[in-house]
Amino acid sequence: MNGKGLVFAAAGAMVIAAISNTASAQSNVTLYGIIDDGLLFNSNAGGHRLYAMASGGLSGSRFGLRGSEDLGGGLKTIFVLENGFDPNTGRLGLGGLMFGRQAYMGMSGAQVGTVTAGRQYDSMVDYVGAFQVGTQWGGSLGSHPGDLDNSTNSYRTNNTVKYASPKLNGLSFGGTYSFGGISGDFTQNQIWSLGAGYTAGNLALGIAYLNARTPSNAGGLFGNSTSTTTPAAVTTPIYSGFVSSNTYQVIGAGGSYTVGSATAGATYSNIKFMNLGANGATIFSRGETATFNNSEINFKYQLTPALVLGTAFDYTVRGSVALANGSDIGKARYYQGSVGADYYLSKRTDIYAVGVYQKASGTDSQNRSAVATITQMSPSSTDRQVAVRIGFRHKF
């Protein structure tokens with residue numbers, strides 16, 4: 001090869017290298033995760049005390065991949081693949097799904113918002129969930145009883161198209177729609193939600209609506225926590241008797257206000273299991289609706305830059321429900337108090353302690369005397385239950 005050829009070859013190599021470096025600079029993929037593990041005490045698990053190792057105290061243990069590619073003009077492609085697992089056994093979480101927590105891709109623009117498709121969270125999680133202690137210092141134990149309003153994402157939505165707006169003068173909004181995927185029945189298993197949030201200085205507010213048809217079907221909302229091929233196994237007696245409903249509906253709102261190191265928050269949700277008996281055998285009068293109202297007040301204080309202290313009170317009440325034999329199930333009430341502390345050893349590592357007490361009264365969804373059932377705990381054999389978790393969390 002002559003000198004001119006060498007020059008052109010070298011120039012070509014430099015151009016290819018420059019293009020390659022530019023393309024690399026416009027794309028990125030990040031591996032991330034959380035390992036959360038600790039000790040658990042349950043004062044009454046079916047009549048016996050329980051001491052155990054348990055994962056997922058403040059955050060579900062997970063690892064995932066997230067990435068983006070700059071398309072120019074302010075647009076980019078994004079994706080998230082997120083797995084859940086139990087570090088004590090090495091098993092996959094969420095019924096063994098490889099990416100059971102989230103799996104989606106889409107496009108995002110600073111001026112137009114974000115559109116994604118896949119397995120995702122609904123608007124109750126996005127716009128209201130952040131205001132309750134279950135997503136803060138309280139973890140799963142501090143969630144609303146049975147997570148009956150899904151504000152701590154016990155149930156994901158499959159086959160979902162989602163839109164999230166950019167923030168406009170403190171206002172943001174969005175929604176989801178999940179296709180049922182049932183031939184000949186457009187509404188079966190469909191899920192949709194809407195929500196909005198607003199922030200101004202120390203004030204933050206959120207509101208959301210969630211509607212799920214035939215929620216207990218394979219592929220319905222309650223079935224999405226495990227797989228899309230088997231019906232949901234809702235075990236909490238708080239509402240397990242109502243999953244034959246044709247429609248599950250939640251209206252929720254929340255807010256918080258911060259003054260210095262102190263933050264006060266509150267949430268309210270109205271939950272309805274509508275048209276009982278339309279989706280399977282039931283002891284209830286066909287077409288009846290079971291209605292819950294849940295209210296939470298909470299407070300946290302940043303005692304030092306590394307230490308957060310918190311407390312909360314939650315009250316859940318359900319009205320009476322008519323039975324097929326002409327009688328009815330009386331009201332049920334659940335009173336729950338929580339306390340917690342979270343201490344950061346570094347930006348990525350913290351230790352925590354959470355304690356929860358719950359008392360139940362009335363009649364549960366199975367037409368039995370209501371028993372205390374702290375979220376993710378085995379039900380008590382009585383109307384009272386105490387759960388304590390001491391844990392260790394590392395983010396990477």
G174 to S123 - nearest heavy-atom pair and separation: O-OG, 4.0 Å
Verdict with supporting geometry, S68 and N28, side-chain hydrogen bond (donor to acceptor under 3.5 Å, both in side chains): CA-CA 6 Å; S68 64; N28 70 82; 2.9 Å; yes
Approximate separation, where rounding is to 0.5 Å, of M124 CE and I271 CD1: 7.5 Å
Min side-chain heavy-atom separation Q249-M274 under 4.5 Å: yes
Residue from T267, T375, N150, T316 passing side chain to side chain contact (heavy atoms under 4.5 Å, CB included) with H144: T267
Side-chain donor or acceptor of E296 paired with backbone N/O of V133 under 3.5 Å: yes
Interatomic spacing from OG in S338 to CD in Q136 - rounded to 0.5 Å: 11.5 Å
Backbone of S108 reached by a side-chain donor or acceptor of T114 within 3.5 Å: no
F179 and Y177 aromatic ring geometry - parallel, tilted or perpendicular at 30°/60° bounds: perpendicular
Exceeds 12 heavy-atom contacts within 6.0 angstrom, atom CG of N169: no
Distance-only side-chain donor-acceptor flag, D122 / S193, under 3.5 Å: no
Residues Q385, N42; criterion side-chain hydrogen bond (donor to acceptor under 3.5 Å, both in side chains); working and verdict: CA-CA 7 Å; Q385 189 176 54; N42 183 343; 3.2 Å; yes
Side-chain donor/acceptor of T160 to backbone N/O of T157, under 3.5 Å: yes
Side-chain heavy atoms of K300 within contact of L309, under 4.5 Å: no
Euclidean distance, I374 CD1 relative to Q358 CD, rounded to 0.5 Å: 5.5 Å
Sequence neighbours excluded - ring pair (Phe, Tyr, Trp, His ring centres under 6.0 Å) pairs with any residue from residues 328-349: Y315-Y335
Nearest heavy atoms of A45 and S378, plus distance in Å: CB-CB, 4.0 Å
Any donor-acceptor N/O pair, D86 side chain to G90 backbone, under 3.5 Å: no
M105, CE atom: more than 12 neighbouring heavy atoms under 6.0 Å: no
Qualifying ring pair (Phe, Tyr, Trp, His ring centres under 6.0 Å) pairs with a residue from residues 244-267, counting only residues at least two apart or across chains: F222-Y248, Y248-F273
Nearest heavy atoms of F85 and F63, plus distance in Å: CE2-N, 3.9 Å
V250 reachable from L221 in the ILVMFWY side-chain graph, under 4.5 Å edges: yes
Stepwise side chain to side chain contact (heavy atoms under 4.5 Å, CB included) check, L205 with I207: CA-CA 7 Å; L205 302 170; I207 188 169; over 6 Å; no
Candidate pair L141 and M377, rule side chain to side chain contact (heavy atoms under 4.5 Å, CB included), full reasoning: CA-CA 8 Å; L141 296 184; M377 296 293 99; 3.7 Å; yes
same_hphob_cluster(I35, M53) at 4.5 Å side-chain heavy-atom cutoff: no
Any N211 side-chain heavy atom under 4.5 Å of I191 side chain: no
Charged tip of R66 within 45° of Y32 ring normal and under 6.0 Å: yes
Note, Y352 side chain near R389 side chain (heavy atom, < 4.5 Å): yes
Working for side-chain hydrogen bond (donor to acceptor under 3.5 Å, both in side chains), residues R119 and N158: CA-CA 4 Å; R119 180 176 171 88; N158 288 340; 2.6 Å; yes
N153 side-chain N/O to Y155 backbone N/O, donor-acceptor pair under 3.5 Å: no
Straight-line distance of S55 OG to R393 CZ, nearest 0.5 Å: 12.0 Å
N44 versus S381, side-chain donor and acceptor atoms under 3.5 Å: yes
Polar side chain donor-acceptor pair, R348 to S346, under 3.5 angstrom: no
Non-hydrogen side-chain atoms of Y51 and R49 separated by less than 4.5 Å: yes
Expected output: side-chain N298 to main-chain G265 donor-acceptor under 3.5 Å: yes
4.5 Å side-chain heavy-atom contact, L94 and R156: yes
Verdict with supporting geometry, Y121 and Q102, side chain to side chain contact (heavy atoms under 4.5 Å, CB included): CA-CA 8 Å; Y121 299 150; Q102 299 183 87; 3.9 Å; yes
Derivation of the side chain to side chain contact (heavy atoms under 4.5 Å, CB included) call for I34 and L58: CA-CA 10 Å; I34 299 173; L58 295 192; over 6 Å; no
V161 with Y209, same ILVMFWY side-chain cluster at under 4.5 Å: yes
Whether S61 side chain and D36 backbone form a donor-acceptor pair below 3.5 Å: yes
Within one Ile-Leu-Val-Met-Phe-Trp-Tyr cluster: L31 and Y104, side-chain cutoff 4.5 Å: no
Single hit among V321, N246, V243, T289 for side chain to side chain contact (heavy atoms under 4.5 Å, CB included) with L276: V321
Non-hydrogen side-chain atoms of S43 and Y357 separated by less than 4.5 Å: no
Exceeds 12 heavy-atom contacts within 6.0 angstrom, atom NZ of K359: yes
Within one Ile-Leu-Val-Met-Phe-Trp-Tyr cluster: F284 and F292, side-chain cutoff 4.5 Å: yes
4.5 Å side-chain heavy-atom contact, P145 and N294: yes
Least distance between heavy atoms, G146 atom then Y239 atom: O-OH, 3.0 Å
Heavy-atom donor-acceptor pair, Q302 side chain to T304 backbone, under 3.5 Å: yes
Polar contact flag, side-chain donor to acceptor under 3.5 angstrom, T258-N202: no
Donor-acceptor under 3.5 Å (R318 side chain, T363 main chain): yes
Spacing of N367 atom CG and S327 atom OG [to the nearest 0.5 Å]: 7.0 Å
Test side-chain hydrogen bond (donor to acceptor under 3.5 Å, both in side chains) applied to D147 and T152, step by step: CA-CA 7 Å; D147 192 18; T152 51; 2.9 Å; yes
Atom pair NZ/CD of K76 and E69 - distance to nearest 0.5 Å: 12.0 Å
Donor-acceptor pair, side chain of E288 and main chain of A322, under 3.5 angstrom: yes
